[in-house]
Chemist: 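Sharing a structure below in structure tokens format, with a few things to ask.
Just so you know, ligand 1 is whichever comes first in the structure, and atom 1 is the first atom listed for that ligand. Positions are given from 1, in the same order as the sequence printed here. Heavy atoms only: backbone and side chains are in, while hydrogens, waters and symmetry mates are out.
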Amino acid sequence: MSRFVRFARSFSNSSAARRHGLLHELRDRGLISQISQPEDRLISQLDSGHKIKLYCGADPTAHSLHLGNMVPLMVLLNFYVRGHDIVSLVGGATGRVGDPSGKKIERDILPNQAILQNVQRINDQLKRFFENGLKYYRSKNVESTNVGSWTSVDNYDWWKDISMLGFLAKYGRHIRIQSMLSRDSVSSRLEGSGGLGFNEFAYQILQAYDFYHLFNEQNVTVQVGGNDQWGNITAGIDLINRISPKAQCSPPTGLTVPLLTNSAGEKFGKSAGNAMFIDPEISTPFDIYQFFFNISDSDVSRFLKIFTLLPLDEVETAVVEHMKRPHLRNGQKLLASEVTELLHGAGSGKEAQIVSDIIFGDTHIINTLNADEIIRLFNNARILEQGKKSESLMELICRMLKCSKSEGKRKLGQGSISLGPLKKRVVQDLTDWSSYLIDDKLLMLRIGKQKCLLIEMT
Ligand SMILES: Nc1ncnc2c1ncn2[C@@H]1O[C@H](COP(=O)(O)OP(=O)(O)OP(=O)(O)O)[C@@H](O)[C@H]1O
Ligand SMILES: N[C@@H](Cc1ccc(O)cc1)C(=O)O
């Protein structure tokens, strides 16, 4: 090996190299929509190996973060694993006011008790996200010793001590009405018929002050958010530039990610009602796996870059291979398994994949497992059904499909019912299960081509 190649290899593994080019990589991953000026300053800080501190906030307006929220969090994760410090903020204060960004009508505000519960749950989700994200990164990078720090804050902790009088007297003059009116979140609502309450109008001041507070108290210089947050983030930059002497030598920066939309072009999130929540109590690892397994071929490359930490050259190779035989869905399988591992920890992607393979009729995999293992996997996926050996097949079908006896009879007569891993077609009712059960306790019931149920029979 030449000295140059050796140097290049060790440089590419060094922490300076890992920081160097990070913004370019995030751009290539499709994770950057806008960066505030002066962008050069941030680039040169990163190029010189300077450690920076970034934050991203979420309001506790639902009990769980969702995959849309994960996009800006992936930016934080990319910085974190390369040695930068990150702060996640939960808006215990801002959640009581309501962000008008991207909203056509005023939000309903949750009762205080629900907000407090959501703050707790979202904090737990963030902790799990960064802990699992780091383990996921380490599982791929043996040399990853130089990670940053992660802290979590709740903006209620500083807002609870601020009085309106004190705030207006100290900061009021530095917050300019003209700029507030010109922000999209405000101007678009003023143009519409619904108008805007003072709470939502003032929201940007709260988020602006958060950035100022974290800039001053914790040396946070970059705020990350979805593109709908641009106005709130630049409000913070304006405030910091006006009143903080530190801004001269270390200017605040805003970085937004593109908003992930569904096929109808709606922002993927709570308000559009199409959210896939990441809390394991709401979505199992298998749900996450299924979600990504079912995406279209045209989204495979984009989502692999956004939602995983796979190196970009590996993504490219995987996509080329996938497009040669898209019907095998290998691209979706890779994506689904990686995101599941990232969110739910090592081994979870593989387990979800086994469940999926069994459902989609992979007889090889089912033959390698015993009934207890399959029961455990399906139980974890929360899709294990329960049945009684004393039930007849017809009774079982009617119960599982919540259908009438005549409908169940029709299904049987049509030949759409098959039993066991060998998919034996059954056209008549039966009560003797012995030849169909795996290890005398587990029944695989297929109804048509779409439905496959695993039923623990006692
Ligand atoms: N679909 C998305 N794509 C990218 N970023 C998103 C998406 N949805 C939310 N975010 C970002 O996640 C962060 C937290 O968002 P927030 O707590 O407001 O959730 P939300 O789903 O946007 O809520 P709502 O739908 O009620 O507005 C913000 O920076 C926001 O821009
Ligand atoms: N306004 C953000 C959440 C947030 C709240 C406070 C902040 O300081 C930052 C971000 C949103 O609704 O998505």
Chemist: Would you kindly check if the NZ (Lys) or CZ (Arg) of Arg96 is within the cone defined by 45 degrees around the ring axis of Tyr156 and under 6.0 Å from the six-membered ring centre?
Modeler: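 Yes, a cation-pi geometry holds between Arg96 and Tyr156.
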Chemist: Using side-chain hydrogen bond (donor to acceptor under 3.5 Å, both in side chains) as the criterion, point out the one residue from Asp297, Asp299, Asn294 that pairs with Gln332.
Modeler: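 The residue from Asp297, Asp299, Asn294 that satisfies side-chain hydrogen bond (donor to acceptor under 3.5 Å, both in side chains) with Gln332 turns out to be Asp297.
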Chemist: Pairwise, report which nitrogen or oxygen atoms of ligand 2 are under 3.5 angstrom from protein nitrogen or oxygen atoms, and how far apart they are.
Modeler:
{"from": "ligand 2", "atom 1": "1 (N)", "to": "Asp99", "atom 2": "OD2", "distance (Å)": "2.8"}
{"from": "ligand 2", "atom 1": "1 (N)", "to": "Tyr203", "atom 2": "OH", "distance (Å)": "2.7"}
{"from": "ligand 2", "atom 1": "1 (N)", "to": "Gln207", "atom 2": "OE1", "distance (Å)": "2.7"}
{"from": "ligand 2", "atom 1": "1 (N)", "to": "Gln229", "atom 2": "OE1", "distance (Å)": "3.0"}
{"from": "ligand 2", "atom 1": "8 (O)", "to": "Tyr55", "atom 2": "OH", "distance (Å)": "2.8"}
{"from": "ligand 2", "atom 1": "8 (O)", "to": "Asp210", "atom 2": "OD2", "distance (Å)": "2.6"}
{"from": "ligand 2", "atom 1": "12 (O)", "to": "Asp99", "atom 2": "OD2", "distance (Å)": "3.2"}
{"from": "ligand 2", "atom 1": "13 (O)", "to": "Gln229", "atom 2": "NE2", "distance (Å)": "3.4"}

Chemist: Mark up the atoms of ligand 1 that fall under 4.0 Å of a heavy atom belonging to Phe268, in ascending order.
Modeler: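 Heavy-atom distances to Phe268 below 4.0 Å select 1 (N), 2 (C), 7 (C), 8 (N).
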Chemist: Give the atoms of ligand 1, by number and element, whose distance to some non-hydrogen atom of Gly225 is under 4.0 Å.
Modeler: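 It comes down to these atoms of ligand 1: 29 (O).
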Chemist: Assess Met70 for proximity to ligand 1: is some non-hydrogen atom of it under 4.0 Å away?
Modeler: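 Contact check Met70 vs ligand 1: negative.
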Chemist: Compute both the distance and the angle, then confirm whether Arg382 meets the cation-pi test with Phe286: under 6.0 Å from the six-membered ring centre, within 45 degrees of the axis.
Modeler: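 Cation-pi check for Arg382 and Phe286: fails.
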Chemist: Hey, mind stepping through Lys103 and Arg189 against side-chain contact (heavy atoms from CB on, under 4.5 Å) and telling me if it holds?
Modeler: CA-CA 8 Å; Lys103 299 281 165 305; Arg189 286 280 286 280; 4.1 Å; yes
Chemist: Passes salt bridge (Lys or Arg N to Asp or Glu O under 4.0 Å), Lys140 versus Glu341? Steps please.
Modeler: CA-CA 12 Å; Lys140 307 196 173 304; Glu341 299 267 315; over 6 Å; no
Chemist: What atoms of ligand 1 come closer than 4.0 angstrom to any heavy atom of Pro72?
Modeler: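 The atoms of ligand 1 under 4.0 Å from a heavy atom of Pro72 are 5 (N), 11 (C), 12 (O).
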Chemist: Give me the ring orientation class for Phe130 and Tyr80: parallel if the planes are under 30° apart, tilted from 30 to 60°, perpendicular past 60°.
Modeler: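 Correct class here is perpendicular.
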Chemist: Where on Ala58 is there a heavy atom closer than 4.0 Å to ligand 1, on the side chain, on the backbone, on both, or on neither?
Modeler: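 Under 4.0 Å from ligand 1, Ala58 contributes backbone and side-chain atoms.
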Chemist: Within ligand 1, which atoms have a heavy atom of Gln229 less than 4.0 Å away?
Modeler: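 Listed by number with element, the hits are 28 (C), 29 (O), 31 (O).
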Chemist: Does any N or O of ligand 1 fall below 3.5 Å from an N or O anywhere on Val71, backbone included?
Modeler: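 There is no such contact.
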Chemist: Using a 3.5 Å cut-off on N or O atoms only, is Asp59 in polar contact with ligand 1?
Modeler: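 Yes; the residue has a nitrogen or oxygen that sits under 3.5 Å from a nitrogen or oxygen of the ligand.
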Chemist: Should the ring pair Phe277 and His66 be called parallel, tilted or perpendicular, given that the plane angle runs from 0 to 90° and is split at 30 and 60?
Modeler: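 Perpendicular, since the angle between the ring planes exceeds 60°.
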Chemist: Mind running side-chain contact (heavy atoms from CB on, under 4.5 Å) on Ser64 and Gln125 for me, showing each step along the way?
Modeler: CA-CA 8 Å; Ser64 174; Gln125 291 152 23; 3.7 Å; yes
Chemist: Going by the atom numbers of ligand 1, which of them fall below 4.0 Å from some non-hydrogen atom of Gly57?
Modeler: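 Counting from 1, the qualifying ligand atoms are 13 (C), 14 (C).
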Chemist: Between Asp228 and ligand 1, find which residue part has any heavy-atom pair under 4.0 Å and reply side chain, backbone, both or neither.
Modeler: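 Contact part for Asp228 vs ligand 1: side chain (C-beta onward).
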Chemist: Walk me through whether Phe129 and Leu343 qualify under side-chain contact (heavy atoms from CB on, under 4.5 Å).
Modeler: CA-CA 6 Å; Phe129 177 81; Leu343 284 175; 3.8 Å; yes
Chemist: Which atom names give the shortest non-hydrogen contact between Arg446 and Phe360, and what distance separates them?
Modeler: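 Arg446 and Phe360 have their closest heavy atoms at NH2-C, 4.3 Å.
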Chemist: Within the 4.0 Å heavy-atom shell around Arg107, which atoms of ligand 1 are there?
Modeler: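 In order of number, 24 (P), 26 (O), 27 (O).
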Chemist: Please state whether the rings of Phe215 and Phe211 are parallel, tilted or perpendicular, taking 30° and 60° as the class boundaries.
Modeler: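 It falls in the perpendicular class, over 60°.
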Chemist: Is the closest side-chain heavy-atom distance between His344 and Pro280 below 4.5 Å?
Modeler: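 They are in contact (side-chain heavy atoms under 4.5 Å apart), so the answer is yes.
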Chemist: Begin from the C-alpha positions of Lys127 and Glu131 and carry the test salt bridge (Lys or Arg N to Asp or Glu O under 4.0 Å) through to its verdict.
Modeler: CA-CA 6 Å; Lys127 182 167 188 285; Glu131 277 176 4; 3.0 Å; yes
Chemist: Would you say ligand 1 has an N or O under 3.5 Å from any N or O of Gly226?
Modeler: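 Checking ligand 1 against Gly226, an N or O pair does fall under 3.5 Å apart.
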Chemist: Would Lys103 count as being in polar contact with ligand 1, using the rule that some N or O on each side must be under 3.5 angstrom apart?
Modeler: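 Between Lys103 and ligand 1 (N or O atoms, distance only) the closest approach is under 3.5 Å.
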Chemist: Are any of the N/O atoms in Asn227 less than 3.5 Å from those in ligand 1?
Modeler: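 Min N/O separation from ligand 1 is not below 3.5 Å for Asn227.
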Chemist: Classify the contact between Pro258 and ligand 1 as side chain, backbone, both or neither, using a heavy-atom distance cut-off of under 4.0 Å.
Modeler: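 Under 4.0 Å from ligand 1, Pro258 contributes backbone atoms alone.
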